[in-house]
Structure formats: C-alpha cells, structure tokens
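Right, one structure below, let's go through it.
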Amino acid sequence: MNPFYITTPIYYVNARPHLGHAYSTVVADVVNRFHRMCGQETYFLTGTDEHGDKVVRAAKEEGLSPLVYVDRISDLFRKLWPELDIEHDWFIRTTDPNHVKVVGDVLQKIYEAGDIYFGEYEGAYCFGCERFYTERELVDGRCPDHDTVPEAIKESNYFFRMSPYQDWLIDHINTHSDFIRPERYRNEVLAFLREPLEDLCISRPKTRIQWGITLPFDDQYVTYVWFDALLNYVSALGYPDGKLFKKLWPNVCHLVAKDILKPHGIYWPIMLKAAGIPVYRHLYVHGYWNVDETKMSKSLGNVVEPLELKNQYGTDAIRYFLMREMVFGLDSSFSERALIQRINSDLANDLGNLFSRSLTMVHKYFEGIVPKGDVAPESNLDLEVKSAAFEAVQEYQDAMEGFAFHKALMAIWQFINRINKYIDVTAPWELAKKKSQRNDLQVVLYNILESLRVIAGLLYPFMPRAAHVMQEHLGITWATPFQTLHDFNVWGKTRPGTKLPKTITLFPRIEPDKLKPKPGETVPSKKELVPARPEIEISMEVFQKMDLRVGTVLRAEPVPRSKKLLKLKVDVGEERTIVAGIAENYQSEDLIGKQVVIVANVKPTKLMGILSQGMVLTASDKGTCRLATLDGSCEPGTPLM
Ligand code: ME8
C-alpha cells in the first residue's frame, strides 16, 4: 500500500487563526487518522505562508519588523493545532532556509528551460490579492474578493509562460476524474481553462517590496508569493533528493477551500510540469464557513476564534460540529446556538446516554465484568444488530473515502439509534428479573458492548479523545491508540471477563441559559421569520387542482453560470426536466435516487434557457434550503393528497 500524504494550505500570517483555518486542518487530521485506521503509513503537512505584501502591511500596522511579526503569528498557528488534537507530522514555514533554497532551485530550472521571460506589464493590481487582474475578471471595475478598485501599475517583471501547458492540463483533468474533487470544482477549473491562459507574473521589483525570496537570476526582484508558497508541498519533503520526497510524492492529497482553487488547480500543476516534477494526485476543495449567514470578517467583528470555542466546549465537540455540519464542498454557516444544539442532542443525549446507560447495566447486573456473548442462541434481534453494525461500517467507509464526512457520522448515529432501540425492545431490566433469562441477558449486554466498541472505533478520526475514553471504559486496551478497519469486520472482539471501570459522563449537557439571547442579541421568533400568509378560503376542489406527485431523481447536474440552480431529470411516472434552486445546499451526486415532492402541473417556464417542467417543494430555513421528502419509498408518480 502506498503511503498517504495530506496537506493543508499554508496559512498567511497576516491575521490570527480563525474557524476557517481550523476547519481545513481538522479535515486533514480526520482524513489522516482514517488512513491510519486503514493500515496506511501517513504524513500530514501544514504550516504558514510568510512572504508578500499582505504580511509586510500587517507587520507595519503592529509596529513590528516582518521577521518578528511572522515569528509571532506563525507561533499562534503552531500552538493552536495540538489544542484541537491535530497531529501533523511537520509544520513548514516559507521563511525556512530549506524552503527558500528549493524555491530558488525550481525557479532556476524553469528559467533555464525557457519558460520564464522578462517583459513589461501594465495592469490593474489588487494589493489584497497580490496579483494583477484582467478587465474580464473584475466586477464593475472592482476586485471580486476585496471589492476595492485595483491600482493601475506599470512594471517590468518576470513572467511564467503557462499557455503551452493549457491543452496538457485540460487533457490531464479529463483523463483523471479524481484529480479535482468534488465535481463542481473540477468543472470550475475546466471552465477557467476554456479561456486562453495568460502568463503569470512571478516577480515583484525590490523597489516596491523586499520581503520575499530573491530571484536566483535577478537580485533586483523577489518571487511572487504564490510561486513561493505552492512549492512548500515539495520543499517540506526535501525535494529533490530527500527520502520523504522519494517515498511520498506524488501520492498526495491537497486540501484547500474554494478561494484558492485557481492557484492549486491551474498554477500548481503547470509549475510541476514545467519543473519536471510529477503532478500531484488529488486536490480536494471545500466550501466556506460563514457566521450566522454572514461572511466572517475582521471589520464585521464576527471572526470565530477556535481556541475560545475549544476552551468553552471542548475539542471533540468542536471537531464533531465542524465535520457534521458542513457538507464537504458546500458553504455552511456557524452559529453557537447550532453548536450547543448538536452537543446536547447528538453528543450528550444520543451517544452519551447510550454509553452510560449500557455501562451502568453491566455494573448493575454483572459487577462490571464483560459477560459472555455466546451462551444462548441468537435471536433475530441480535442478528439484526450485528448486520446493522456491518452495514454502518460499510456506509462509513464509503462516505469517508468520498469525503462525505457528514454521511459517515450519520451512519454512526443511525447505528447509535438502532442500539438504543435494541435496548428498549430487549429490555435488559426485565430479563434481569428472571434467573432463567440470565443467559439471554448476557448475550444482549455483550452485543451492546460490542456495538459500543465499533462506535468508539469509528469515532476515532473525528473525536479521538472520546474514542479513547470509550475504549478504555470498554476494556479495549489492546487497540491503543485506535482500532483498524479490520477490527470492525469481526464480531466478538470485546473480551468476556474483562473488568470495566465505572462509567462516566462523556459529554455534559450545556445549560439551556447558554441558548438564551445575549444582551443586545435578538432571536427572531418563527413568526417574525416567516410572516403567516393571509387566510383565504380554498375549497377542496381548488386544492385538488394542484397536482403534487412523488418524483425520483434520476440525474442531476449544475446549470452553467448559475450558483443556485441544478438541472434535474426526475421520474414522475414519466421523465421530466426540472430546474431547482438548490445548488447551494445539495451536490448533484447526492440527489441521485432521492425521492422528492413535485408540483407537476405548474406552467413550464424557462430558467437560464432550460425549460423546467415542474417545481420541487423545498423549505428555506434561514437561507438553508431543504427538500421535502417522504419517510419511505413510493412508486414514482404517486399523487399526494
Ligand atoms: O490563501 N471557511 O492563506 P489564507 C473555510 N497563504 N475555510 C477557510 C475560510 C472560511 N471562511 N477562511 C479561510 C492563503 N479558510 C495562502 C495559501 S497554499 C500554498 C497558500 C481556510 O490564510 C481555507 O483552507 O488566506 C482556505 O483555502 C485557507 O484557509 C486560506 O488561508
């Protein structure tokens, strides 16, 4: 098995770490731990990006030299990660001498190969993005990211010729379906590549900025910060001759958010190709965290500090929330209210209660000693629990491999609910009343403990602390620090006769007064959110004119140039094309096979040039759109009454 190598972006040191940085780094840690569970050797890289205009300006604002300033902020990132139980193998800084040397060597190599030339450029420069913009890229003459008018700058600079690699890159993306994931970002890169690629300006004159890596072939210039930063992924491994480079490259999984798709999806593969380095294997792109539906920004004062959250709610709860709440690839909104609700319902209630009620029973009925699981014939209920466990493991594994972390957690929680039901139906407290049912009681409790073992093991990548505590309390001392996937394909690994420690509360409930609005905060009531519609008389006859039907989604794809719309092919007894405004909350691939409710007799209308032959029913909760579905499967075309 190839070793697995995962990277996060290296973060700019122009500001303190926030929730967005924490999310990417937690995802990398979860994926890394999952690969360790699969028995793979892994390597996890993160770090800080320390050169460029942005950093110089931030240092100036603090009255510090860039050198002192970058040390200080880089340290904040470095010290944050262990607080969030992130176990990276290396923390790279672009000011590390080895990195500086690699950047110089690669530049020289590409220069000698003839892909770098000197030329004059006049253009619109955004200092926030540290790059030139073409007219076409600006929105009403303003930078799309910073909403500022770029400055007109005329400069002689060095350029990296990218156009000769354009066709190669298109072909590479087309022939490697897992190169850029999820699909929407792969399509976005292909859409960029439909326009001719312009050469990339890779230098900045020292007359304007000195804080950077000097070009090896002209000491009057420093390297453009992106050309410098991207190379961290190979310099950290000791490119070109280092052992790690030879062992790990190019079997890498780069993880970034959508804001830096272009440098990673276009510049980086072309840089690698031009430098004669094999191209990376995978780029995984996630969406953006907003806060209470608004963009997180310093000026709005709504930046969420991961350390504060951790101190208040604990590392596991934060990690769980981030991974459960965001659908990888789509945007999500953070709110403390939602976090507390998840802690109380999923962690304290579902998981925590199951754990403590189960262990309490083992202590009460068997003096804390793991009973035997094979002393009575298995009932159908027992068999069902076993197969539910294997199903959960399979669903979990598929979801983890596809970066659908929310689904992996849903699979665990479905299993947790299944075990809670098993306890309710088998009622061990009743079995305990009769001596003749002692063996049945043993089997039931053993199955519960086995289920908890599987649950603890599957939780390890997400909540390593809780997983560890659970395993300790289940007597799973043979699998420190974690169980492997093989351990879940066998039923019966919990050892009868093991004496278990007293149970504990895994996740304390958060007091409801935390949910009360803070002074000055108003929580809109439902009524304020959605004004009731005026009462009108609708006769049954009129209501029944509406043709509501069950539809099964057969295919789904994004509508080009639209952020909101998806084009669906739906089976409503016949195949219909329906355009739905759900792209911000659903990914095409997640919809296939889903059953939805369709208004089948609305007048067909054209949306973005596509004739939509029906309407999908949805609910919009504070901007998050949810499809109306059925609680069991129905024949497509079945009318709703
Ligand atoms: O772009 N939601 O650094 P950066 C989710 N130095 N993730 C977010 C986020 C949000 N609201 N905000 C930031 C840079 N991130 C360059 C990278 S790599 C060779 C150089 C995360 O400090 C996300 O991973 O601006 C995003 O891609 C990254 O931080 C940008 O970090």
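Both ligands and their constituent atoms are indexed starting at 1 by order of listing.
- A cation-pi contact, defined as under 6.0 Å to the ring centre and within 45° of the axis, is absent between Arg342 and Phe321.
- Under a cutoff of 6.0 Å and an axis angle of 45°, Arg33 and Tyr460 form a cation-pi pair.
- Using modelled atom types and a 3.5 Å distance limit, the side chains of Asp115 and Tyr165 yield a donor-acceptor pair.
- Between Glu308 and Gln312, the side chains place no donor N or O within less than 3.5 Å of an acceptor N or O (distance only, hydrogens not considered).
- Judged by the 6.0 Å distance and 45° axis criteria, Lys295 is not positioned over the aromatic ring of Tyr288.
- Between Asn251 and Tyr5, the side chains place no donor N or O within less than 3.5 Å of an acceptor N or O (distance only, hydrogens not considered).
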What are the polar N/O contacts of ligand 1 with the protein below 3.5 Å, with distances?
from     : atom 1 : to     : atom 2 : distance (Å)
ligand 1 : 2 (N)  : Trp289 : N      : 2.9
ligand 1 : 6 (N)  : Ile10  : O      : 2.8
ligand 1 : 6 (N)  : Asp49  : OD2    : 2.7
ligand 1 : 7 (N)  : Gly20  : O      : 3.4
ligand 1 : 11 (N) : Trp289 : O      : 3.1
ligand 1 : 22 (O) : Tyr12  : N      : 2.9
ligand 1 : 22 (O) : His21  : NE2    : 3.4
ligand 1 : 24 (O) : Ser24  : OG     : 2.6
ligand 1 : 27 (O) : Ala257 : N      : 3.1
ligand 1 : 27 (O) : Asp259 : OD1    : 2.8

